[in-house]
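Residue numbers run from 1 in the order of the sequence given. Note that the coordinates shown come from a computational prediction; the quantities given were computed from them, not determined experimentally.
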Amino acid sequence: MAEQVEDVSTLPLPDAFLDFLRQNGLDPSIYAASHSTPRYIRLKPGCETHLVEIEAEIKCKLKEVSWLPNFYYLSPDVGIASTKAYQEGKIYGIDAASGAAVVALDISPGDHVLDLCAAPGAKLCMILDILGCSGTVTGVDVSRHRLAACRTMLQKYTLGDHCRLFVADGTTFSLIPVRVCLNSKSYIAAAEEQLEVYKEWTSRRPWKERKQAAKTRENGASQFFSQIQDPELMFYGRHSGVVGLSKCEVFQSVNNHELLQFGYDKVLVDAECTHDGSIRHVQKFEQWGWATLQRRVLDAERTDFLTILQLKLLTNGFRLLKVGGFLVYSTCSLTLAQNEDVVEQFLSQTASAELLEMDAAKKWPCKSSRIPKTLRFDPLTSSTSGLFIAKFTKLAV
């Protein structure tokens with residue numbers, strides 16, 4: 001262990017963080033390669049002919065990631081935010097490990113996918129890229145401003161047609177995919193009954209909605225919890241299934257038995273965590289102050305809160321999954337408490353859940369975790385950010 005500490009002694013990490021790693025059974029040397037971990041980008045399908053042009057603009061050769069289609073890597077100090085290719089939506093930044101979590105979903109044409117913790121939106125965009133002009137994606141996040149950033153990404157990359165976004169608590173969200181509307185009325189019938197139906201989405205919200213938003217801001221935090229208890233439809237594309245439906249149809253509730261048949265085909269739960277697997281995230285605390293790191297990452301009470309939250313998110317995401325569907329649970333933490341421990345507790349209380357092998361992982365530069373069929377990426381092993389991935393299916397029991 002002494003040699004391992006020397007390996008990372010030059011990293012700008014406080015002793016308290018190194019102690020946190022050791023207490024959680026993590027080898028600090030996994031961060032030794034962090035300075036050379038490349039930046040990853042995904043090239044939007046159909047933009048392959050622009051590759052030479054993009055390389056000329058960023059003055060850097062893009063190298064293909066052999067184990068992940070449409071992914072490229074470049075030097076970590078090369079910026080892309082000011083490039084024409086980025087601004088025009090031809091490329092976007094997403095770590096290769098995060099891309100692997102999306103690939104693990106085995107998305108098929110026509111799937112209806114739930115991204116239960118959608119912000120900041122890169123994985124959401126990748127899911128929509130894979131689906132193309134089929135299926136739907138429902139993105140959920142508890143943070144309004146982060147979900148607004150997702151909406152901006154969808155519009156920038158012209159990926160929003162088959163997507164709807166809800167500001168909602170992922171632990172209680174319960175809306176079904178829009179492929180089915182139980183007891184739905186036709187557009188004509190709704191009009192005859194003078195029900196208000198959703199027209200094509202516009203960024204200019206109706207006056208009543210703007211007034212309600214202003215009132216919410218005035219009331220401040222006292223309104224926050226009521227908002228997340230009642231999902232708010234922030235955005236919907238023209239082919240997301242929302243246009244032409246009434247509010248009661250979009251927000252209809254279903255029982256657990258109906259979810260077995262009408263739930264989502266695929267669910268991604270990339271849960272909120274301490275982000276200790278991302279060295280770049282940890283190094284941001286140099287600017288924010290190490291006291292902030294202590295409060296947001298190292299504090300035992302926060303970790304306890306997060307593990308409870310993670311289990312609730314996983315449990316609810318699985319509840320919304322149809323029988324035979326796939327759910328991927330991931331975090332960018334490398335601690336056992338937020339990964340293996342959560343998975344084991346979930347399996348112990350969910351008879352219909354079964355862990356699955358990830359077929360694509362045979363080519364991935366990752367390693368097995370304590371639980372068979374679950375995987376870990378880390379900077380030293382994978383040349384990526386840290387990420388834990390587990391894949392489940394729902395059995396008919």
Side-chain angles (χ1 to χ4, degrees), residues 105 107-108 110-118 124 127-128 131 134-142 147 162-187 189-190 193 195-198 201 225-271 309 311-329 346 349-354 392-397:
L105 283 169
I107 294 170
S108 301
D111 274 348
H112 297 272
V113 184
L114 173 63
D115 187 350
L116 199 57
C117 307
L124 183 75
I127 292 169
L128 285 157
L131 277 176
S134 70
T136 64
V137 179
T138 298
V140 176
D141 204 274
V142 73
L147 199 64
H162 291 256
C163 185
R164 57 181 188 162
L165 299 177
F166 289 94
V167 181
D169 183 345
T171 66
T172 58
F173 182 77
S174 60
L175 302 183
I176 59 174
V178 291
R179 62 177 161 199
V180 62
C181 195
L182 303 178
N183 303 317
S184 65
K185 301 179 183 292
S186 69
Y187 188 96
E193 293 186 21
L195 294 176
E196 188 174 341
V197 298
Y198 286 99
W201 185 85
F225 291 103
S226 63
Q227 285 179 34
I228 64 175
Q229 291 296 323
D230 185 17
E232 174 194 342
L233 182 58
M234 176 181 274
F235 170 84
Y236 56 92
R238 66 178 63 183
H239 300 301
S240 65
V242 173
V243 176
L245 295 183
S246 66
K247 184 174 182 179
C248 65
E249 289 173 324
V250 173
F251 287 83
Q252 67 180 319
S253 59
V254 297
N255 59 44
N256 288 341
H257 178 73
E258 290 170 325
L259 280 171
L260 297 178
Q261 180 181 356
F262 299 119
Y264 294 86
D265 299 292
K266 309 290 164 60
V267 176
L268 176 63
V269 181
D270 186 44
L309 174 64
L311 180 60
K312 287 181 177 180
L313 288 167
L314 175 54
T315 300
N316 193 47
F318 191 79
R319 184 181 69 88
L320 295 166
L321 185 69
K322 66 182 286 189
V323 169
F326 301 152
L327 179 148
V328 167
Y329 172 78
F346 170 71
Q349 62 189 35
T350 313
S352 59
E354 180 181 63
F392 303 87
T393 189
K394 179 178 279 188
L395 306 173
V397 295

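Between K247 and Y198 the shortest side-chain heavy-atom distance falls below 4.5 Å. With a 4.5 Å cut-off on side-chain heavy atoms, L233 and F235 do not count as touching. Contact of the Q252 side chain with the I176 side chain is registered, since non-hydrogen atoms from C-beta on lie closer than 4.5 Å. The shortest distance between side-chain heavy atoms of P177 and K322 does not fall below 4.5 Å. V254 places none of its side-chain heavy atoms less than 4.5 Å from the side chain of F262. D265 places none of its side-chain heavy atoms less than 4.5 Å from the side chain of V113. Residues V142 and L147 form no side-chain contact, since every pair of their non-hydrogen atoms from C-beta on lies 4.5 Å or further apart. Within the 4.5 Å cutoff, no side-chain heavy atoms of Y236 are placed close to those of L165.
Contacts of S134 classified as side-chain contact (heavy atoms from CB on, under 4.5 Å), with partners at least two apart in sequence or in another chain: P109, L131. Remark: N255 pairs with no residue by the side chain to side chain donor-acceptor pair (under 3.5 Å) rule, at least two apart or across chains. Not counting sequence neighbours, K394 has no partner by the salt bridge (Lys or Arg N to Asp or Glu O under 4.0 Å) test. Remark: F346 engages F318, F392 in a ring pair (Phe, Tyr, Trp, His ring centres under 6.0 Å) (not counting sequence neighbours). Residues passing the side-chain contact (heavy atoms from CB on, under 4.5 Å) test with L309, sequence neighbours excluded: T171, E272, F305, L306, L313.
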* **side chain to side chain contact (heavy atoms under 4.5 Å, CB included) evaluation trace for V197 with L245** => CA-CA 5 Å; V197 298; L245 295 183; over 6 Å; no

* Evaluate the side chain to side chain contact (heavy atoms under 4.5 Å, CB included) criterion for residues R164 and V250: first the C-alpha distance (whole Å), next the side-chain angles of each, then the deciding distance (0.1 Å), finally the verdict. => CA-CA 11 Å; R164 57 181 188 162; V250 173; 4.2 Å; yes

* Asked: Do D115 and V269 pass the side chain to side chain contact (heavy atoms under 4.5 Å, CB included) test, and can you show the C-alpha distance, the side-chain angles, and the key distance before you say yes or no?
  -> CA-CA 6 Å; D115 187 350; V269 181; over 6 Å; no

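In this structure a side-chain-to-backbone donor-acceptor pair under 3.5 Å is missing from Q261 to E258. With hydrogens and angles ignored, the 3.5 Å screen pairs a side-chain donor or acceptor of N316 with a backbone N or O of F173. Counting only distance, with no hydrogens or angles, the side chain of H239 and the backbone of H162 share no donor-acceptor pair below 3.5 Å. Remark: the backbone N or O of F326 is not paired with any side-chain donor or acceptor of T393 at under 3.5 angstrom. A donor-acceptor pair is defined here as one N or O able to donate and one able to accept, closer than 3.5 Å; no such pair exists between the side chain of T315 and the backbone of K312.
Annotation: the span from L260 atom CG to L395 atom CG amounts to 11.5 Å, rounded to 0.5 Å. Atom OG1 of T138 and atom CG of L116 lie 10.5 Å apart (nearest 0.5 Å). The CG atom of L124 sits 12.0 Å away from atom SG of C117, with the distance rounded to the nearest 0.5 Å. Note that NZ of K266 and OG of S108 are 4.0 Å apart. Values are rounded to the nearest 0.5 Å. Here the CG-CG distance, from L105 to D111, works out to 9.0 Å after rounding to the nearest 0.5 Å.
Between Y329 and A271, the shortest heavy-atom contact is CE1-CB, 3.9 Å. Here the closest heavy-atom approach between residue S174 and residue L320 is recorded as CA-CD2, 3.8 Å.
Paired with L114 under the rule side-chain contact (heavy atoms from CB on, under 4.5 Å), one option of L268, V137, V140 passes, and it is V140.
One side chain, T136 or H112, offers a donor N or O that lies under 3.5 Å from an acceptor on the other.
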